[in-house]
Structure formats: C-alpha cells, structure tokens
Engineer: 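There's a structure below that I have some questions on.
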Amino acid sequence: MIKTIPIINNKGGVGKTTTTTNVAAGLVRRGKKVLVVDLDSQGSASLAMGVHRQDLLPSTAEVLFGEVEVEDAIRTTDVRNLDLLTGSLHLANADTRLSKVENHQDRLKAALSRIKDEYDVILVDCAPSTSLLSVNALVAADAFIIPVAPSYLSLEGVISLGEVVKNVRLNLGEAAPVLGVLLTMVRRDDEQTRSIIREVRSHYGGKVFDTEIRDHPTIEDAPASGSSVFEVAPNSAGAEDYGALVDEVLERLKRYGTIYGAVRNATSDRSSHTDELTPAERLAS
C-alpha cells in the first residue's frame with residue numbers, strides 16, 4: 001500500500017504547503033484518517049493548520065533527534081481524523097545533528113513505522129532544500145508528489161530533485177516512485193504559462209495529474225484562518241481544484257498501490273540497471 005507521501009520540490013514557492021494542507025483536509029472529507037508531518041523549520045504547514053508559533057514544540061525535530069517518542073509529539077487538530085506532527089525552528093540544524101547519528105537517513109521512516117497503521121495516509125510537507133531531511137522523507141515515502149509552478153525556475157527544482165532521488169537509489173538502494181507531478185499556480189490566460197504546461201506534460205506524460213491548481217486568492221487566504229480552502233471558500237475555484245485533485249490522488253492510490261509496492265521491492269537491488277526494469281517498473285520509478 002501507498003501510505004506515506006511527501007510533497008516535495010527543491011524549489012520554494014510552488015505550493016507544497018498549500019497542497020499538503022488542502023489535500024489532507026480533502027482526504028479527511030473523503031473519510032480517511034490523515035497525519036500531516038511538517039518537516040520544514042518554518043513550520044508553515046503547522047501554522048496553516050491553526051497551531052500558534054509558541055505551541056510548535058515538541059516537533060518533528062525532537063522525534064528525529066530521539067528526544068521525544070513520536071506518539072507523544074503527534075497532536076490532534078480541530079478537524080476530526082486529522083492529526084499533526086509539527087515543524088519548528090529546531091529543524092534548522094537538522095543536517096548537522098543528524099549527520100552524527102547512526103542510520104541518520106532512516107530516522108523518519110523508523111519513527112513513522114511505529115504509528116503508520118493508525119492512519120490511512122501520511123502526508124509530509126518538505127522544506128525546499130536538498131538536505132538530510134529530504135533524504136529522510138524519500139526513504140520514508142511510499143510515493144511522492146511534486147508540485148510544479150509553471151515557471152522555468154520551478155522546473156529546475158524538479159531536475160535537482162531528480163538527482164537527489166537518483167543518488168538515494170544508488171547509495172541506499174531505495175527511494176519512492178512519483179505518484180504524480182502537480183501543476184500549481186496556473187494562470188490559464190497566460191501564454192508563457194500554457195507553453196510551460198505543454199512542456200511539462202510532454203516530458204512527464206502520464207505522471208502529471210490531470211488536475212491543475214489555478215492561481216486563486218482563496219487558496220492563499222485560507223492559511224491565515226488556520227483552515228483549508230474547503231472551510232474558507234467551499235464554492236471557490238480553489239476548493240473545486242483541490243477537490244478534484246483529492247479524487248485523482250485516491251484513484252491513483254487505488255490503481256497503482258499494488259504495482260508501486262511490488263516495484264519498490266523489485267527495484268531496491270536493481271535501481272542502477274534501468275534496462276532490467278519492466279515497463280510497469282519504469283512507469284513507477
């Protein structure tokens with residue numbers, strides 16, 4: 001089963017946190033029990049979900065550093081069946097601290113393994129950087145989503161993320177496949193935007209979600225209220241788009257879950273030999 005899903009791109013400002021919080025809220029509305037893991041030192045997902053800055057501790061940092069058990073750091077939110085593991089500034093020096101810890105790339109995976117069976121989906125909001133936190137997210141993941149704003153700098157973030165995934169596979173023998181590439185902040189009346197979208201869809205093919213998240217003010221307004229776009233503006237374009245995305249995510253989880261699980265096991269020892277992979281394995285890798 002695909003359960004742990006980081007939302008990741010090495011470029012900032014592409015809608016990672018917005019996508020994490022709104023997909024989480026949408027999945028809960030579809031009857032799923034969801035955990036959001038905030039892996040960003042800015043704690044943006046935590047703040048967007050209504051946690052005050054002075055209340056962020058204990059956070060993901062304390063769990064990764066072995067100072068707090070994951071069960072004691074997870075907190076409920078005002079939304080039933082939506083739990084949160086907060087981010088905090090204590091994650092800012094995570095690379096330095098984790099580099100001194102044995103099996104430092106497996107810390108998040110080990111922590112989540114203790115509580116994974118309690119949730120239908122675990123979404124991880126990742127910082128826009130190449131770091132041990134990103135590696136931890138990829139190792140813990142069953143699949144991941146890449147938000148891409150239609151700009152060339154955003155595409156560069158996807159390319160650099162691809163290098164991180166490649167290195168994880170080569171050095172550790174494991175890294176999750178792509179569940180989907182998500183186009184965000186889309187302005188359909190802009191020719192350059194349409195051109196980049198065509199390029200993304202041409203290059204990544206079926207990995208790109210059919211749903212596109214339009215650039216709409218309600219999406220940006222929702223975090224200020226500590227709620228999702230579904231609560232703030234249920235009839236808005238933002239709610240329509242994220243609702244469609246949630247349906248598409250659930251459809252992909254159902255359709256590809258078994259394939260991805262088999263692929264991850266099959267490719268753990270064969271990831272450096274692409275010519276040995278089956279078509280299904282290439283699709284999921």
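All residue numbers in this chain count up from 1 along the given sequence. All heavy atoms count here, side chains included; hydrogens, waters and symmetry mates do not.
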Engineer: Just verifying a value: how many Å separate L27 CG and N81 CG, rounded to the nearest 0.5 Å?
Structural biologist: 11.5 Å
Engineer: How far apart are the C-alpha atoms of T4 and V121, what are their side-chain angles, what is the distance that settles it, and do they pass the side-chain contact (heavy atoms from CB on, under 4.5 Å) test?
Structural biologist: CA-CA 6 Å; T4 303; V121 179; over 6 Å; no
Engineer: Mind running side-chain contact (heavy atoms from CB on, under 4.5 Å) on L47 and R53 for me, showing each step along the way?
Structural biologist: CA-CA 7 Å; L47 299 174; R53 191 170 296 279; 2.9 Å; yes
Engineer: Supply the atom-to-atom distance K254 NZ to I2 CD1, rounded to the nearest 0.5 angstrom.
Structural biologist: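 Reported to 0.5 Å precision, the distance equals 14.0 Å.
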Engineer: Consider only side-chain N and O atoms of Y242 and T18, and report whether a donor and an acceptor are under 3.5 Å apart.
Structural biologist: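 No, no side-chain donor-acceptor contact under 3.5 Å.
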Engineer: Would you tell me whether E199 and S202 have side-chain atoms, one donor and one acceptor, within less than 3.5 Å of each other?
Structural biologist: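 Side-chain D/A pair, E199 to S202: absent.
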Engineer: Between A143 and L179, which heavy-atom pair has the shortest distance, and what is it?
Structural biologist: CB-CB, 3.9 Å
Engineer: Which atom pair, heavy atoms only, marks the closest approach of C126 to P6?
Structural biologist: SG-CB, 3.8 Å
Engineer: Have D83 and T76 got a donor and an acceptor in their side chains that come within less than 3.5 Å?
Structural biologist: no
Engineer: So do F209 and V249 actually touch side chain to side chain, heavy atoms under 4.5 Å?
Structural biologist: yes
Engineer: Have Q192 and S195 got a donor and an acceptor in their side chains that come within less than 3.5 Å?
Structural biologist: no
Engineer: Using modelled atom types and a 3.5 Å cut-off, is there a donor and acceptor pairing between side-chain atoms of N103 and backbone atoms of D106?
Structural biologist: no
Engineer: What's the shortest heavy-atom distance between A73 and L85, and which atoms?
Structural biologist: CB-CD1, 3.4 Å
Engineer: Can you tell me how far OG1 of T19 sits from CG of L123, rounded to the nearest 0.5 angstrom?
Structural biologist: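 Rounded to the nearest 0.5 Å, the CG-OG1 separation comes to 10.0 Å.
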Engineer: Nearest 0.5 Å, please: how far is CG in D120 from NZ in K3?
Structural biologist: 6.5 Å
Engineer: Does atom CG of D72 have more than 12 heavy-atom neighbours, drawn from other residues, nucleotides or ligands, at distances under 6.0 Å?
Structural biologist: yes
Engineer: So which atom in S134 and which in I8 form the shortest heavy-atom distance, rounded to 0.1 Å?
Structural biologist: CB-CD1, 4.3 Å
Engineer: Does any N or O in the side chain of S99 come within less than 3.5 Å of the main-chain N or O of T96, such that one atom is a donor and the other an acceptor?
Structural biologist: yes
Engineer: What do the steps show when you test D142 against K116 for salt bridge (Lys or Arg N to Asp or Glu O under 4.0 Å), and what is the final call?
Structural biologist: CA-CA 12 Å; D142 299 310; K116 200 169 185 177; 3.1 Å; yes
Engineer: Taking the side chain as every heavy atom from C-beta outward, state whether L39 and L108 have any pair of such atoms under 4.5 Å apart.
Structural biologist: yes
Engineer: Looking at R75 and V51, would you say the former's side chain and the latter's main chain have a donor-acceptor pair under 3.5 Å?
Structural biologist: no
Engineer: If every non-hydrogen atom of V246 is compared with every non-hydrogen atom of R30, which pair is closest and at what distance?
Structural biologist: CG1-CG, 3.8 Å
Engineer: Do I145 and I5 have side-chain heavy atoms sitting under 4.5 Å apart?
Structural biologist: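 SC-SC contact between I145 and I5 confirmed.
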Engineer: Taking R97 first and then E67, would you say they form a salt bridge - that is, a charged N and a carboxylate O separated by under 4.0 Å?
Structural biologist: yes
Engineer: Between H216 and T218 (side chain of the first, backbone of the second, donor and acceptor by atom type, cut-off under 3.5 Å), is there such a pair?
Structural biologist: yes
Engineer: Are V63 and V37 grouped together when hydrophobic residues (ILVMFWY) are joined by side-chain heavy atoms under 4.5 angstrom apart?
Structural biologist: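 Hydrophobic grouping puts V63 with V37.
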Engineer: I'd like to know if the side chain of H104 reaches the main chain of V101, judged simply by a donor and an acceptor atom lying under 3.5 Å from each other, with no hydrogens or angles considered.
Structural biologist: yes
Engineer: Can you list the steps and then say if V148 with L182 is a side-chain contact (heavy atoms from CB on, under 4.5 Å)?
Structural biologist: CA-CA 6 Å; V148 182; L182 172 66; over 6 Å; no
Engineer: Between R255 and E248, does any NZ, NE, NH1 or NH2 come within less than 4.0 Å of an OD or OE carboxylate oxygen?
Structural biologist: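 Answer for the salt bridge query: no.
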Engineer: One thing to verify: whether E71 and R114 come together as a salt bridge, which I'm taking to mean a side-chain N less than 4.0 angstrom from a carboxylate O.
Structural biologist: yes
Engineer: Within the supplied structure, the quantity of interest is the number of heavy atoms (other residues, nucleotides, ligands) at a distance under 6.0 Å from R198 CZ; does it exceed 12?
Structural biologist: yes
Engineer: Working to the nearest 0.5 Å, report the span between OG of S44 and NZ of K16.
Structural biologist: 9.5 Å
Engineer: Return yes if some donor-acceptor pair links the side-chain N/O of K33 with the main-chain N/O of V28 below 3.5 Å, else return no.
Structural biologist: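 Not confirmed, K33 side chain does not pair with V28 backbone.
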Engineer: Is D241 close to V229 at the side-chain level, that is, under 4.5 Å between some pair of heavy atoms?
Structural biologist: no
Engineer: Is there a continuous path of hydrophobic side-chain contacts, each under 4.5 Å between heavy atoms, that joins V181 to L138?
Structural biologist: yes
Engineer: Between R194 and E191, is there a salt bridge with N-O shorter than 4.0 Å?
Structural biologist: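 Salt bridge: yes.
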Engineer: Taking the side chain as everything from C-beta on, heavy atoms only, tell me whether V36 gets closer than 4.5 Å to T21.
Structural biologist: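 No, too far: nothing below the 4.5 Å cut-off.
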Engineer: State, yes or no, whether a side-chain contact exists between E212 and I197 at a heavy-atom distance under 4.5 Å.
Structural biologist: yes
Engineer: Name the residue from D38, T86, T60 that meets the side-chain hydrogen bond (donor to acceptor under 3.5 Å, both in side chains) definition with S46.
Structural biologist: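 Of all the options given, the one that passes is D38.
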Engineer: The test is side-chain contact (heavy atoms from CB on, under 4.5 Å); show your working for L91 and D40 and say whether it passes.
Structural biologist: CA-CA 7 Å; L91 287 166; D40 191 342; 5.7 Å; no
Engineer: Linking I/L/V/M/F/W/Y whenever any side-chain heavy atoms sit under 4.5 Å apart, do I74 and V124 land together?
Structural biologist: yes
Engineer: Going hydrophobic residue to hydrophobic residue with side-chain gaps under 4.5 angstrom, can you get from L253 over to L35?
Structural biologist: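 No, it is not one cluster - the side chains of L253 and L35 are not joined through contacts under 4.5 Å.
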Engineer: Are P128 and N10 close enough that some pair of their side-chain heavy atoms sits under 4.5 Å apart?
Structural biologist: no
Engineer: What is the minimum heavy-atom distance between L112 and I122, and which atoms define it?
Structural biologist: CD1-CG2, 4.3 Å
Engineer: Answer whether the closest heavy-atom distance between the side chains of V23 and L245 falls below 4.5 Å.
Structural biologist: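 They are in side-chain contact.
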Engineer: Report whether L133 and F65 are members of the same hydrophobic cluster (ILVMFWY, side-chain heavy atoms less than 4.5 Å apart, transitive linking).
Structural biologist: yes
Engineer: Is the side chain of E62 donor-acceptor paired with the backbone N or O of S59 at a distance under 3.5 Å, no angle test?
Structural biologist: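 Yes, because the side chain of E62 sits within donor-acceptor range (under 3.5 Å) of the backbone of S59.
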Engineer: Can R107 and E102 be counted as an ion pair, charged N to O under 4.0 angstrom?
Structural biologist: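 Salt bridge: no.
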Engineer: Quick one: pull up CD1 in I196 and CG in L183 and give me the separation to the nearest 0.5 Å.
Structural biologist: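 Rounded to the nearest 0.5 Å, the CD1-CG separation comes to 10.0 Å.
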